[in-house]
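Here the structure is laid out as structure tokens; the discussion comes afterwards.
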Amino acid sequence: MTIKIENQTQVLQWLREDDPEKLDELFSLADQVRRENTGDGIHLRGLIEVSNQCSRDCAYCGLNVSNKKINRYSLTDEEIFACVDKALELGYGTAVLQAGEDKTIDPERIVRIIKQIKKTTGLAITLSLGEWPDDIYQLWKQAGADRYLLKFETSDRNLFERIHPGSDQYRTEMIPRIQQLGFEMGSGVMVGLPGQSYQSLAGDIMLFSKLNLDMIGVGPFIPDPDTIMGKQPELFNLDVENQVPNSEIMAIKAIALTRLKCPTTNMPVTTSLATLNSDNGLEKALCCGGNVIMPNLTPMRYRTDYQIYPGKASLVEPEMFLAKLKHRFEAIGRHISKGRGDSAKFLYRTERQVPHEHKK
Ligand code: 5AD
């Protein structure tokens, strides 16, 4: 069978496909394309959840401002630097600073943290701090940040406005501007959001390729009882025929299709997929397109407070987590890659040297 995924109709047909044999062919092709374009190395990024404060009231996310059940925290500079030290100690090439849409964050403080990390380590820095004015992104870029991660969550504008109230701009329009500032740009969506149609998910995958993203995270939606979507999904759900289910297989299909549309991009396995299937969700995603993992370095005592959805928090110590990962990678013939793990796409775009692992 020749698999062609050129237009939205073909993506849509594959999203609706449920013949296991055909899907196996799709997954093998995605795995092959991943291997040819990004190699067998898996990039590890140390995730530091610097604050769970949030000013937004998103219908899907457990950190929403109306949720009074969680303890809100902000890491001190010392705590952040201790996580950075841990990233170095474990040999990770990147530190990811992530937070809710925390408007109490002082952008100048982020500048100081970026500069300090850059002065003392060779780590790449990814920021995932939500929506800010362009001049703030520019400030952070000039301070030395390398990458920005802003998921557009769904390309259906109507749905996005309903589930993510309070934005004064569309993320799909912000993304090219942030990329223009020189960031490696990451984005992504949730699969099976109540109100997400097959047509719109196919549109998300087409948009990934159009946006020329350096990193794309695709994971299943997991309902949280402390969100509007968790409490009243009926307010959003479409009829069964059109509603995308938030199942593991649907997420895997979307990952494979994304890899086929975006051969050279970096694709992290989302924690939501690893949560939905803790036995082998990770391996499945790595074998149909995934090539990045973001192990959590947040201090243990804050982990359960960063509850975006139930079951997210892993209380495994970073050293133990890494040891287990190594075994799991070996079992599928993969290995941890060395260095910062810049996206091949970004290196081509900026005409920097293409590392050996990225060469075909
Ligand atoms: N289920 C799955 N993923 C979620 N995210 C937020 N809420 C949920 C949920 N209920 C994802 C979003 C966000 C990232 C930090 O976590 O894609 O960008």
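Each ligand, and each atom within it, is numbered from 1 in the order the structure gives.
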* To do: Mark yes or no: R157 above the aromatic ring of Y170, with NZ or CZ under 6.0 Å from the six-membered ring centre and no more than 45 degrees from the axis.
  => yes
* Asked: With a cut-off of under 6.0 Å to the ring centre and 45° to the axis, is R16 in cation-pi contact with Y198?
  -> yes
Would [X] and [Y] pass as an ion pair if we require N to O under 4.0 Å?
X: R340; Y: D146; answer: yes
X: E25; Y: K22; answer: no
X: K261; Y: E6; answer: no

* Which heavy atom of the protein is the closest neighbour of atom 15 (C) of ligand 1, given with residue, atom name and distance? -> I308 CD1, 3.8 Å
* Asked: Nearest protein heavy-atom contact for atom 11 (C) of ligand 1: which residue, which atom, what distance?
  -> M190 SD, 4.2 Å
* Asked: Any protein heavy atom sitting closer than 4.0 Å to atom 9 (C) of ligand 1?
  -> yes
* Asked: Can you tell which part of P220 has a heavy atom less than 4.0 Å from ligand 1: side chain, backbone, both or neither?
  -> backbone
* **Contact partition for Y60 relative to ligand 1, non-hydrogen atoms under 4.0 Å** => both
* Structure fact -> Here the atoms of ligand 1 under 4.0 Å from any heavy atom belonging to F221 are 1 (N), 2 (C), 9 (C), 10 (N)
* Among D214, N291, T38, which residue meets the side-chain hydrogen bond (donor to acceptor under 3.5 Å, both in side chains) test with N266? -> N291
* Does an N or O anywhere in E153 fall below 3.5 Å from an N or O of ligand 1? -> yes
* Polar proximity ligand 1 side, I222 side, N/O cut 3.5 Å exclusive -> yes
